[in-house]
Amino acid sequence: MKQIKTLVIVALVCMSSVATLNAQAAAKTAHVDVSEIVAKMPAMIDAQKQLEKLSGTYDTEYKTMVEEYQNKLKKYEQESSTVTDAVNETRSKEVQDMQKRIVDYRDNAQKELQQKESDIVKPIMDKVKASIQKVGKAKGFQYVLNSEGLLLADGPNITADVKKDLGF
């Protein structure tokens with residue numbers, strides 16, 4: 001009798017597992033190419049232009065600082081034998097201060113650029129995500145996967161629908 005109860009329990013567990021697997025297999029799944037969408041979004045193209053412009057500004061300023069540093073260093077090296085030790089020491093400190101300012105500027109520029117990128121890109125990505133969810137739900141999909149990295153993408157591709165929803 002105990003064995004029959006055990007067999008019935010095992011059979012029920014197996015049947016529920018099979019039912020769960022069948023339900024998961026029947027789940028509607030689609031895929032979307034997020035990279036393609038983001039790369040072609042007018043807002044993202046504008047954002048990239050803004051970031052390139054800002055980066056160019058930082059690069060120009062950085063190059064100017066480095067050039068000024070190199071010129072001053074060259075001048076001080078040429079004059080080092082004709083000036084006093086006190087002047088050379090003062091100049092050495094000045095050069096070290098310039099080095100520190102250059103490094104600090106570069107580090108701050110990188111942080112500011114990363115922050116600006118985050119500030120610009122996050123709303124765009126949020127908009128894409130919302131559109132994917134909207135299109136996926138409207139089409140009755142339970143799962144929408146990013147096709148980037150998928151080894152097999154045999155289901156419906158909703159990339160075009162998401163682009164249309166986003167207006168491009």
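Since we're looking at a predicted model, the values are computed, not measured. One is the number of the first residue; the rest follow in order along the sequence.
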Problem - Those residues that, when tested against Q133, pass side-chain contact (heavy atoms from CB on, under 4.5 Å) (two or more places apart) - result: K129

Handout entry: P123: side-chain contact (heavy atoms from CB on, under 4.5 Å) partners, not counting sequence neighbours
Key = none

Sequence neighbours excluded, which residues qualify as side chain to side chain donor-acceptor pair (under 3.5 Å) partners of [X]?
X    : value
Q96  : none
N71  : none
D165 : S131, K134
Y69  : Q99

Practice task
Could you tell me whether the side chain of L166 reaches within less than 4.5 Å of the side chain of K127, counting heavy atoms only?
Solution key: yes

Return all side-chain donor-acceptor pairs below 3.5 angstrom for residues 106-114, not counting sequence neighbours, or 'none' if the list is empty.
{"from": "N108", "atom 1": "ND2", "to": "D104", "atom 2": "O", "distance (Å)": "3.2"}
{"from": "E112", "atom 1": "OE1", "to": "Y58", "atom 2": "OH", "distance (Å)": "2.4"}

Practice task
Could you tell me whether the side chain of T159 and the main chain of V32 form a donor-acceptor pair under 3.5 Å?
Solution key: no

Problem - Point-to-point distance, once rounded to the nearest 0.5 Å, from CD1 of I120 to CG of L51 - result: 4.5 Å

Handout entry: Straight-line distance of M65 CE to I102 CD1, nearest 0.5 Å
Key = 5.5 Å

Exercise for the section: Sorted by first residue and then second, give each salt bridge (Lys or Arg N to Asp or Glu O under 4.0 Å) pair with at least one member in residues 40-61; sequence neighbours left out. Expected result: E36-K40

Among all residues two or more places apart in sequence or in another chain, which pass the salt bridge (Lys or Arg N to Asp or Glu O under 4.0 Å) test with [X]?
X    : result
K63  : none
K139 : D161
K116 : none

Practice task
Identify whether NZ of Lys or CZ of Arg in K28 sits under 6.0 Å from the centre of the six-membered ring of F141 and within 45° of that ring's axis.
Solution key: yes

Quiz: residues 79-92 side-chain donor-acceptor pairs under 3.5 angstrom, not counting sequence neighbours:
{"from": "E79", "atom 1": "OE1", "to": "R91", "atom 2": "NH1", "distance (Å)": "2.8"}
{"from": "E79", "atom 1": "OE1", "to": "R91", "atom 2": "NH2", "distance (Å)": "2.8"}
{"from": "S80", "atom 1": "OG", "to": "E77", "atom 2": "O", "distance (Å)": "3.0"}
{"from": "T82", "atom 1": "OG1", "to": "E79", "atom 2": "O", "distance (Å)": "2.9"}
{"from": "T84", "atom 1": "OG1", "to": "V87", "atom 2": "N", "distance (Å)": "3.2"}
{"from": "N88", "atom 1": "ND2", "to": "S80", "atom 2": "O", "distance (Å)": "2.9"}
{"from": "T90", "atom 1": "OG1", "to": "A86", "atom 2": "O", "distance (Å)": "2.9"}

